[in-house]
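Some notes on the structure that comes next.
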Amino acid sequence: MSELRTRFAPSPTGYLHIGGLRTALYSYLYAKKMNGKFILRIEDTDQGRYVDGAVEIIYRTLRETGIMYDEGPDVGGDYGPYIQSERKNEYLFYAEKLVESGHAYYCFCSEERLASLPDINGARRYDKHCLNLSKEEIAERLARGDKYVIRQNMPVTGNSTYHDVVYGDITIENSELEDQILIKSDGMPTYNFANVIDDHLMGINCVMRGIEYLSSTPKYNLLYDAFGWERPVYIHMPPIMKDAQHKLSKRNGDASYEDLIKKGFLKDAIINYIALLGWSPKDDSEKMSFAELQRKFDVSGINKSPSIFDPMKLAWLNSLYIKEMPPESFAEYAKPWLETCYLKDFDKRLVCKLIQSRIETFAEIEDKLRFLVEFGDIDDGLYVNQKQKADAALAKNILPKIKDKLYVLKNWDNQNLFDTLVELSAELDCKKGAVLWIARVALTGLAVTPGGASEIAEILGKEETLRRIDCAIMQLNA
RNA sequence: GGCUCUAUCGUAUAGUGGUUAGUACGUUGGCCUCUCACGCCGAUAACAGGGGUUCGAAUCCCCUUAGAGUCACCA
């Protein structure tokens, strides 16, 4: 068996959406598992849809996520060029070969004629009108410079069957196949044609792509057959949906890879999650590193039915990756989000320690830390905690004592603060939870905070802590 | 509409003729605890419907229903 060669062939239309990224991921994982090659090819035959910078986004995203291609436009290889617009001349040559063998023909039909074709169930099917043109007429019109396209000559009877690795045998009546255009009037090949020619020329023997190509694959197979080329192995994949009836797409404003990064998701979590959308390993593993994914990936685990993208589960996976980050990496990665919090001179290390285990995405940082810079009215009701037997009256009573204790505290760190407050609770003969609860509320004015009273006091610093306690006392006495 | 594909808890899935239908997220009860979070223990909830085949069907077949894809000089 020759070396497995698979490929990812995106169009540079502006972004790499989640579905495309997953296709690339699966193709890469499968190629690597089989000790084969993974190739990147840019399909830019539609000049109208080309978007500047889109190619760079593709390169960057694949690199960033670890989906390294063995051959491609910017890394080279023996089958280049890897950009379709640079292979333009190849296609016409092969199309003409097909014309010679009768598998394709020139078509001079005008747009108007095409538009006048009968509409059958909402679709206009080309009627093979130009198939019957005489050799002389074709030569004459070609010489005259008439605009033309080259169409594939589909069989009218019989049916075509092929095997798909995930969907099994697919059979379609040949009469369902339209004489699709191979070469457009601008001389460029259509995707359908270029795709087949390139795959063959590049030695691609395994094609992994979205299910949208499942029903047009017989057309490609007819092309392979006409040339006498060996058909590749096909692996079609189910779509990723936003909900039961809508596909996930940038057009609907759904998240692309880059959007997810901006929303505070880690690339490892994104890759891990999308790997699980439509595929599952033999065991019950869910959190898998890229290396594990490579080891465990197998096409037999690919699902047939569409799967809905679940941000909640992604967030959960993301939190797992966040928790295992070394503190330094976390601090480094969190930097941009921390900057939006105006933390002034608070100790970033302590702040990170506080939030690392409490966020699922980095975007939550701002909300979680707002209390560090915003402090104002405290609702008396917040002092009430039945379990700890705390309330506003108790707060009014012990807050001054807390203040006195802290005022003389020498080493301002979490442990000392905690010990001091616990000590006070013993002296006052009340629950330590009551003291800590009241202190925390007084310092933050919030029912829920990341971290307890002592941790927060440590970050706030002595001066700010005492200032806030004063504030709280004043409010209670007002 | 024609053609193709799909159908297990809300979501992602395990399951390939015999299981108390498993797991994870979510939701939820509890424990732990200076609130929250983490962690731990429990609960919740599914074979779309109807016919077959079979001693036996989530698993095989058919129909219905629902959904997706496709029918371009787009990829």
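Not measured: the values here are computed from a predicted model. Per chain, numbering begins at 1; letters A, B, ... match sequence-line order.
Set against B:C5, B:C25, B:U35, the side chain of A:Gln388 has B:U35 as its closest nucleotide. Ranking B:U33, B:A37, B:G67 by closeness to the A:Ser357 side chain, first place goes to B:A37. Among the nucleotides B:A75, B:A14, B:A37, the one closest to the side chain of A:Ser280 is B:A14. Residue A:Ser454 has its side chain nearest to B:C34 when only B:C5, B:C34, B:A75 are considered. Closest contact between the side chain of A:Leu214 and the listed nucleotides B:G2, B:U4, B:A75 involves B:U4. Looking at the side chain of A:Trp316, the nearest of the listed nucleotides B:U35, B:C3, B:C25 is B:C25. Out of B:G69, B:C34, B:G26, the shortest distance to the side chain of A:Glu212 is found at B:G69. Distances from the side chain of A:Ser307 to the nucleotides B:G26, B:U13, B:C25 place B:U13 closest.
Near RNA chain B, meaning a heavy atom under 4.0 Å away, the residues from residues 438-451 of chain A are A:Arg440, A:Ala447, A:Val448, A:Thr449, A:Pro450, A:Gly451.
Here A:Ile181 lies in heavy-atom contact (under 4.0 Å) with a base. A:Tyr273 comes within contact range of no nucleotide atom at all, as no heavy-atom separation falls under 4.0 Å. Nucleic acid contact for A:Glu178: sugar-phosphate only, since backbone atoms but no base atoms lie under 4.0 Å from a heavy atom of the residue. Contact annotation for A:Met241: backbone-only contact, meaning every heavy-atom pair under 4.0 Å involves sugar-phosphate atoms and none involves a base. Among the heavy atoms of the strands, none lies under 4.0 Å from A:Thr13. Across all strands shown, A:Lys287 has no heavy atoms under 4.0 Å from either base or sugar-phosphate atoms. If you check every strand for non-hydrogen atoms under 4.0 Å, A:Phe418 touches a base. A:Asn195 comes within contact range of no nucleotide atom at all, as no heavy-atom separation falls under 4.0 Å. A:Lys282 comes within 4.0 angstrom of no nucleic acid atom, judged by non-hydrogen atoms across all strands. Within the nucleic acid shown, A:Ala453 comes within 4.0 Å of at least one base atom, counting heavy atoms only.
Scanning atom types as modelled, no donor and acceptor separated by under 3.5 angstrom connect the side chain of A:Tyr191 and the base of B:A72. At a cut-off of 3.5 angstrom, the base of B:A24 holds at least one donor-acceptor pair with the side chain of A:Lys313. For A:Ser185 against B:C73, a side-chain-to-base donor-acceptor contact under 3.5 Å is present. Below the 3.5 angstrom threshold, one finds no donor paired with an acceptor across the side chain of A:Lys432 and the base of B:U33. With hydrogens and angles ignored, no donor-acceptor pair under 3.5 angstrom links the side chain of A:Ser215 to the base of B:C3.
Using a 3.5 Å distance cut-off with no hydrogens or angles, the side chains of A:Asn192 and A:Thr190 do not pair a donor with an acceptor. With no hydrogens or angles considered, no side-chain donor-acceptor pair links A:His103 and A:Asn153 at under 3.5 Å. Donor-acceptor pairing under 3.5 Å is recorded for the side chains of A:Ser289 and A:Glu292. With no hydrogens or angles considered, no side-chain donor-acceptor pair links A:Asp199 and A:Tyr220 at under 3.5 Å.
Regarding A:Lys323, its NZ atom lies at a distance of 13 Å from the C1' atom of B:C36, rounded to whole Å. For the pair A:Gln84 CD and B:C74 P, the interatomic distance rounds to 13 Å; values are reported in whole Å. In this structure, A:Ile365 places its CD1 atom 14 Å from C1' of B:A37, rounding to the nearest Å. The NZ-P distance, from A:Lys247 to B:U70, rounds to 6 Å in whole Å. A:Gln180 has its CD atom 11 Å from the P atom of B:A75, to the nearest Å. Note: CG (A:Asp198) to P (B:A75) measures 13 Å, nearest angstrom.
Between A:Phe297 and A:Tyr26, the angle of the ring planes lies from 30° to 60°, which puts this pair in the tilted group.
Shown here, B:U53 forms no base pair; nothing in the strands shown gives a Watson-Crick or G-U wobble contact with both key distances under 3.5 Å. Within the shown strands, nothing qualifies as a pairing partner of B:A37 under the Watson-Crick or G-U definition with both distances less than 3.5 Å. Pair check for B:G22 finds B:U13; Watson-Crick or G-U wobble, both atom distances under 3.5 Å. With a cut-off of 3.5 Å on both pairing distances, the Watson-Crick or G-U wobble partner of B:C5 is B:G67. When both distances must be under 3.5 Å, the Watson-Crick or G-U wobble mate of B:A72 does not exist. Across all strands shown, the partner of B:G42 is B:U28, judged by Watson-Crick or G-U wobble contacts whose two distances both fall under 3.5 Å.
Side chain of A:Tyr383 to backbone of A:Ala393: no donor-acceptor contact under 3.5 angstrom is found.
For A:Tyr148 and A:Tyr105, the gap between ring centers reaches or exceeds 6.0 Å. Here A:Tyr273 and A:Phe309 bring their ring centres to under 6.0 angstrom of each other.
Taking the nucleotide of RNA chain B with the nearest heavy atom to each of A:Ser305 and A:Trp437, the more 5' of the two is matched to A:Ser305.
Within the 4.0 Å cut-off from OP1 or OP2 of B:A14, at least one side-chain nitrogen or oxygen of A:Asn303 is found. For the OP1/OP2 pair of B:A75 and a distance below 4.0 Å, the side-chain nitrogens and oxygens of A:Thr45 include at least one atom meeting the criterion. Between B:C34 and A:Lys387, no contact under 4.0 Å exists linking OP1 or OP2 to a side-chain N or O.
Among pairs with a residue in residues 448-457 of chain A, those fulfilling side chain to side chain donor-acceptor pair (under 3.5 Å) read A:Asn414-A:Ser454, A:Arg440-A:Thr449, at least two apart in sequence or across chains.
Using atom C1' as the reference point in both B:C9 and B:A14, the two lie 13 Å apart (nearest Å). B:U6 and B:C47 are spaced 15 Å apart, taking the C1' atom of each and rounding to whole Å.
Within 6.0 Å of CZ in A:Arg370 there are more than 12 heavy atoms belonging to other residues, nucleotides or ligands.
Using a cutoff of 4.0 Å between basic side-chain nitrogens and carboxylate oxygens, A:Asp179 and A:Arg151 are not scored as salt-bridged.
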